[in-house]
Novice: 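The structure follows.
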Amino acid sequence: MEQIKVNSSQLDTYKKIWRVVQAIPSGKVSSYGAIADIAGLPGRARLVGKCLGQVPKDGFCGQPVPWFRVLRSDGSIAFPIGSEAFDRQKALLMDEGVFVKGRRINLNDFSWRPDLSELLALEQPY
DNA sequence: CGCCTGACTGAGG
DNA sequence: CCCTCAGCCAGGC
């Protein structure tokens, strides 16, 4: 992928986002806006997309960052249909049992709904 | 500062 | 279902 090009303050923001994304369980999905909210960055859904495009290839803190579990608020895959990224994301989702119909996923069936204890755990990672 | 571009969103048609 | 539009926030120029 691309080299990460952000200053240290933005890198902190990116790390917060990556950490939230890591909390999405296999077989579940979330949205850019929801991740932004949980990360304490309301209104910055587009930043989440940008950030996920720069996930370190080796993962973050020894754990992979499941970028493919993040979708648009309507449950659709953000990449254009037919693009390589689209196919990759769709395949990864289906691999873990997420049913992808055309370009979208039924959020009622697969949306991640963290309980309070999960969210609190994200506040105190170390 | 303006202008344009995004892995975005919500409301409408 | 599709598409459009205004609003949104960061960044680059």
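Chain A is the first sequence line, chain B the second, and so forth, proteins listed ahead of strands; every chain is numbered from 1.
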Novice: Would you compute the distance between atom CG of A/L47 and atom OH of A/Y32 and round it to the nearest 0.5 angstrom?
Specialist: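 Rounded to the nearest 0.5 Å, the CG-OH separation comes out at 12.5 Å.
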
Novice: How long is the span from the CG atom in A/L92 to the CG atom in A/D87, to the nearest 0.5 Å?
Specialist: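 Rounded to the nearest 0.5 Å, the CG-CG separation comes to 11.0 Å.
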
Novice: Can you tell me how far apart OG1 (A/T13) and NZ (A/K50) are? Round to the nearest 0.5 Å.
Specialist: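 A/T13 OG1 to A/K50 NZ: 12.0 Å, rounded to 0.5 Å.
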
Novice: Tell me the interatomic distance from A/F79, atom CZ, to B/dA7, atom P, rounded to whole angstroms.
Specialist: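 Checked: the CZ to P distance equals 7 Å.
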
Novice: Does any part of the side chain of A/F79, heavy atoms only, come nearer than 4.5 Å to the side chain of A/R103, both counted from C-beta?
Specialist: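 They are not in side-chain contact.
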
Novice: Any side-chain heavy atom of A/W18 within less than 4.5 Å of one from A/C51?
Specialist: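 Yes, their side chains come closer than 4.5 Å.
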
Novice: Restricting to nitrogen or oxygen on both sides, can you table the protein-nucleotides 10-13 of chain B pairs closer than 3.5 Å?
Specialist:
{"unit_1": "B/dG10", "atom_1": "OP2", "unit_2": "A/S73", "atom_2": "OG", "d": "3.1"}

Novice: Rounded to the nearest angstrom, tell me the gap between atom CG in A/L47 and atom P in C/dC8.
Specialist: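 Roughly 17 Å, once rounded to whole Å.
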
Novice: Report yes if some heavy atom in the side chain of A/L93 is under 4.5 Å from a heavy atom in the side chain of A/F99; otherwise report no.
Specialist: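 The answer is no; the side chains never approach within 4.5 Å.
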
Novice: Could you give all pairs that pass the side-chain hydrogen bond (donor to acceptor under 3.5 Å, both in side chains) test and reach residues 68-83 of chain A, with sequence neighbours left out?
Specialist: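 Checked against side-chain hydrogen bond (donor to acceptor under 3.5 Å, both in side chains) - neighbours excluded - the pairs reaching residues 68-83 of chain A are A/R69-A/E96, A/D74-A/S76, A/D74-A/R104.
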
Novice: At what distance, to the nearest 0.5 angstrom, does CG of A/D95 lie from NZ of A/K90?
Specialist: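 That separation rounds to 12.5 Å.
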
Novice: Tell me the side-chain hydrogen bond (donor to acceptor under 3.5 Å, both in side chains) pairs involving residues 106-116 of chain A, sequence neighbours left out?
Specialist: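 side-chain hydrogen bond (donor to acceptor under 3.5 Å, both in side chains) check on residues 106-116 of chain A returns A/W112-A/E118, A/D115-A/S117.
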
Novice: Between P on B/dA7 and CZ on A/R88, what's the gap in Å once rounded to a whole number?
Specialist: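 Those two atoms, CZ and P, are 14 Å apart.
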
Novice: So, taking the atom named CD in A/E123 and the one named CD1 in A/I38, what distance separates them when rounded to the nearest 0.5 Å?
Specialist: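 The distance works out to 10.5 Å.
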
Novice: Just the dot-bracket of DNA chain B, please: which string comes out with Watson-Crick or G-U pairs under 3.5 Å, [ ] for crossing, | for another strand?
Specialist: .|||||.||||||

Novice: Atom CD1 of A/I105 to atom C1' of B/dA7: distance rounded to whole Å?
Specialist: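 So the two atoms are 13 Å apart, to the nearest Å.
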
Novice: Between B/dA7 atom C1' and A/L92 atom CG, what is the distance in whole Å?
Specialist: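 A/L92 atom CG is separated from B/dA7 atom C1' by 15 Å.
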
Novice: Between atom CD1 of A/I77 and atom CZ of A/R88, what is the distance when rounded to the nearest 0.5 Å?
Specialist: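 These two atoms lie 11.5 Å from each other.
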
Novice: If you restrict it to nitrogen or oxygen atoms, what contacts under 3.5 Å exist between nucleotides 1-4 of chain C and the protein, and what is each distance?
Specialist:
none

Novice: Would you mind reading off the distance between A/W67 atom CH2 and B/dC8 atom P, rounded to a whole angstrom?
Specialist: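 A/W67 atom CH2 is separated from B/dC8 atom P by 13 Å.
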
Novice: Please check: side-chain N/O of A/Q22 versus main-chain N/O of A/P66, any donor-acceptor pairing under 3.5 Å?
Specialist: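 No: the side chain of A/Q22 does not pair with the backbone of A/P66.
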
Novice: For DNA chain B, which residues in residues 32-46 of chain A have a heavy atom at a distance below 4.0 Å?
Specialist: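 Nucleic-acid contacts, sorted: A/Y32, A/G33, A/A45, A/R46.
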
Novice: Kindly indicate whether the side chain of A/I24, heavy atoms from C-beta on, has any atom under 4.5 Å from the side chain of A/V70.
Specialist: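 Heavy-atom side-chain distance check passes, below 4.5 Å.
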
Novice: If you measure from the C1' atom in B/dC1 to the same atom in C/dC13, how many Å do you get, rounded?
Specialist: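 So the two C1' atoms sit 12 Å from each other.
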
